[in-house]
There are 2 protein chains.
Amino acid sequence: MDYASILANITRHISLTKEEEDFFVSILNPRKLKQGEFAEKAGEVTTGFIQVASGCLMTYFTDKEGNDQVIQFSTAGWWTGDLHSLTKQEPSIYSTRALADSEILLLPKIRLEELLERYPKFERFFRIMFQNSLVTHQARLIEAFSLPAEERYNKFQKRYPQLEQYVPLKYIASYLGITPEFLSKIRRKRSN
Amino acid sequence: MDYASILANITRHISLTKEEEDFFVSILNPRKLKQGEFAEKAGEVTTGFIQVASGCLMTYFTDKEGNDQVIQFSTAGWWTGDLHSLTKQEPSIYSTRALADSEILLLPKIRLEELLERYPKFERFFRIMFQNSLVTHQARLIEAFSLPAEERYNKFQKRYPQLEQYVPLKYIASYLGITPEFLSKIRRKRSN
DNA sequence: GAATGATCTTGAACTAGATTAAGAAATCAG
DNA sequence: CTGATTTCTTAATCTAGTTCAAGATCATTC
C-alpha cells in the first residue's frame, strides 16, 4: 500500500508532524476489493469513511423502481462513502462498488472521531475537502439544469479523461443523468 | 440585530466561551439590503461569507445566454456566498440578491481566516456545516435526475413551506430546473 | 388612480431525451 | 473453445418539458 501519496494529499492542505502521520496511517484499515465487490451496501449502516488507494469505485443510489443513479466515481486519492449514514448511523441510501480490482482504506467512524479529537487540525483538512466538494456539487447541479446532455458528456470526458477506461458506458450515462441509449446516440452523432 | 439566534446556530455544533462568542460577533459586518439589492455580484471577487439575519436572499448563476439559474434561497440562519471566489479570490460566478428587505452579516475573508486561526474549533463548525450541505447537494442532484418536475415541486414545498411567500414563482421554477410556464402548468393541473 | 412594468397563465407547436424492443458486440464462466 | 450473460447500439414511438406568443393579473411609481 502506497501511503506516501495518501499523506501527500493531506499535506497539500495541512502540515503534519511525523507523529500525526503515523497515527493517521495506523487507523486506516486496508481492504482489497475484486471487481464487482461492495465497499458498502445500501440499507446497512456505514462503518467508516473510504479512501481509494488504487482501482476505481462508484457510489450510487437505487430508487424504488430499482434504477441506479450514479453520484460519484472515485479513483486513487478520492474519498467516498455516505456522510449522512456515517454521522447519523442510519442505514445508508448509497452503495459503493468496485468497478475494477481496487484497494481501499477504511477509516472507521470511531477512529475518525478519535483522530479529530486528538489532532483537531484534521478538522481543517476535512473542512477544506468538504468545502471544495461543495463547490463541485453546486457546479454539477447547475450543469445538470442548464446544459444539454451532449455538453455534459464533453465536460465529463475533459474532466475525467482516465475514467472511461474503467467505467462501462451505462454508468457514465447514469452519472450524466441520461439513459444508455441516449448516450449511445450522442456518441454516434459525434463520430460522424 | 439578533445575535442570540445566530450564536445558537453555532452552539448546536460547537460550544463557545464568552470570549469566543464576543470575538465572533465582533467580526460580523451587519448590512441592510432593500428588496432587489445585491449582497454580491457575479464578476466581482467575493469579499466575505454571508450569514442571513432576516429576510430572504437568492444566489444564482447567469449563463452566457443570460438565463438565471437559482441554486439557493437563504432565510434567517443560513449562510450563503460563493465559496470558490471566497477562497481563490477569483471573480464570482454567482450573484446574491435580496428577495425581500433583509439584514445580512458579512464575515470578511481576512476576519474569517483570523477566526479560524485564533479559535480552531470554528474549523469544526464549518466542517460540520459543509458536510451537511454536501449531503443535501447530493440528494438534490439525485432528485434532479430521477424525479419528475412535479415531485420536485412537492418536495420543495414540504421542505421550505415558508419560502413561497417571499419568492416569485419564476425563481422557484429556476431552482427546480424548469421554465415558469411549466411550473404554471403543474400548478394548474394540481388545483383541479 | 392611471400608467408602466413585472409576474403569472394559457395554448399551440416543437424537441431533447425516455421507452420499448431487438440485434450486435463484448465479456465471462466452465 | 462455447454457451451464457452483460453491455452497447439502432430504430420507432412516445412524452416531459421547452419555446414562442399573447393575454391576464399584480405591483410600483409618478
Side-chain angles (χ1 to χ4, degrees), chain A residues 33-38 56 58 60 62-70 73 97-101 141-157 163-192, chain B residues 34-37 56 58 60 62-70 73 97-101 141-157 163-192:
Chain A
L33 295 175
K34 290 242 158 80
Q35 182 181 347
E37 285 181 346
F38 286 86
C56 183
M58 73 171 186
Y60 61 97
T62 308
D63 66 20
K64 321 116 206 164
E65 285 97 41
N67 303 312
D68 292 346
Q69 172 64 53
V70 175
F73 299 112
R97 227 174 62 195
L99 290 169
D101 293 356
L141 203 54
I142 288 173
E143 287 173 16
F145 285 140
S146 64
L147 293 184
E150 183 166 2
E151 288 183 47
R152 297 202 308 269
Y153 183 42
N154 292 341
K155 291 218 172 197
F156 173 80
Q157 288 188 308
L163 270 184
E164 230 158 342
Q165 89 194 66
Y166 289 119
V167 182
L169 288 171
K170 61 174 190 167
Y171 297 132
I172 295 179
S174 169
Y175 178 90
L176 295 173
I178 58 178
T179 57
E181 291 88 342
F182 192 63
L183 178 56
S184 206
K185 228 178 260 186
I186 290 173
R187 286 160 57 80
R188 174 171 37 133
K189 185 187 151 205
R190 221 165 36 164
S191 68
N192 293 347
Chain B
K34 290 242 159 78
Q35 180 180 350
E37 285 181 345
C56 181
M58 72 172 185
Y60 60 98
T62 308
D63 67 20
K64 320 114 206 167
E65 286 97 41
N67 303 312
D68 292 346
Q69 172 63 54
V70 176
F73 299 111
R97 229 174 60 196
L99 290 169
D101 293 356
L141 204 54
I142 288 173
E143 286 173 14
F145 285 140
S146 64
L147 292 184
E150 183 166 3
E151 288 183 47
R152 298 203 304 272
Y153 183 42
N154 291 342
K155 290 218 171 196
F156 172 81
Q157 289 188 308
L163 271 183
E164 230 159 342
Q165 90 196 65
Y166 288 119
V167 182
L169 289 171
K170 61 173 188 165
Y171 298 131
I172 295 179
S174 168
Y175 178 89
L176 296 173
I178 57 177
T179 57
E181 292 90 340
F182 192 61
L183 178 56
S184 204
K185 235 174 254 186
I186 290 173
R187 288 160 56 80
R188 175 171 37 134
K189 184 188 152 204
R190 221 164 38 162
S191 69
N192 292 349

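Reminder, nothing fancy here: chain letters follow the sequence lines and each chain counts from 1.
Between B:Thr179 and D:dG17 there is no side-chain N or O to OP1 or OP2 distance below 4.0 Å.
Rounded to a whole Å, the CG atom of A:Leu176 is 17 Å from the P atom of C:dA16. One atom, NZ of B:Lys189, and another, C1' of D:dG17, lie 12 Å apart when rounded to the nearest Å. Residue A:Ile178 contributes atom CD1, which lies 11 Å from atom C1' of C:dA18 at whole-angstrom precision. One atom, CG of B:Asp68, and another, P of C:dA6, lie 14 Å apart when rounded to the nearest Å.
In this structure, the separation between OG on B:Ser146 and CG on B:Leu141 is 9.5 Å, given to the nearest 0.5 Å. Taking CG of B:Leu176 as the reference point, atom CD of B:Glu150 lies at 11.5 Å (rounded to 0.5 Å). Atom-to-atom distance recorded for A:Arg187:CZ and A:Arg190:CZ is 7.5 Å, nearest 0.5 angstrom. In this structure, CD1 on B:Ile178 lies 11.0 Å from NZ on B:Lys185, to the nearest 0.5 angstrom. Residue A:Phe73 holds its CZ atom at 13.0 Å from OH of A:Tyr166, rounded to the nearest 0.5 Å. The line from CD1 of B:Ile186 to OH of B:Tyr153 is 8.5 Å long, rounded to the nearest 0.5 Å.
A:Gln69 contributes no side-chain N or O that, together with a main-chain N or O of A:Thr62, makes up a donor-acceptor pair within less than 3.5 Å. Under a 3.5 Å cut-off, the side chain of A:Asp101 and the backbone N or O of A:Gln35 do form a donor-acceptor pair.
Looking only at side-chain heavy atoms (C-beta outward), B:Val167 and B:Cys56 come within less than 4.5 Å of each other. Taking the side chain as every heavy atom from C-beta outward, A:Glu151 and A:Pro148 approach each other to under 4.5 Å. The side-chain heavy atoms of A:Gln157 and A:Leu163, taken from C-beta on, include no pair separated by under 4.5 Å.
Residues from residues 141-152 of chain B lying near DNA chain D, meaning a heavy-atom separation below 4.0 Å, are B:Pro148, B:Ala149 in numerical order.
B:Gly177 comes within contact range of the sugar-phosphate backbone alone, with a heavy-atom separation under 4.0 Å but no base atom that close.
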B/S/- along nucleotides 5-14 of chain D (protein heavy atoms under 4.0 Å) is --SSBBSB--
List, with names and distances, any nitrogen or oxygen atoms from the protein found under 3.5 Å away from nitrogen or oxygen atoms belonging to nucleotides 24-29 of chain C.
none

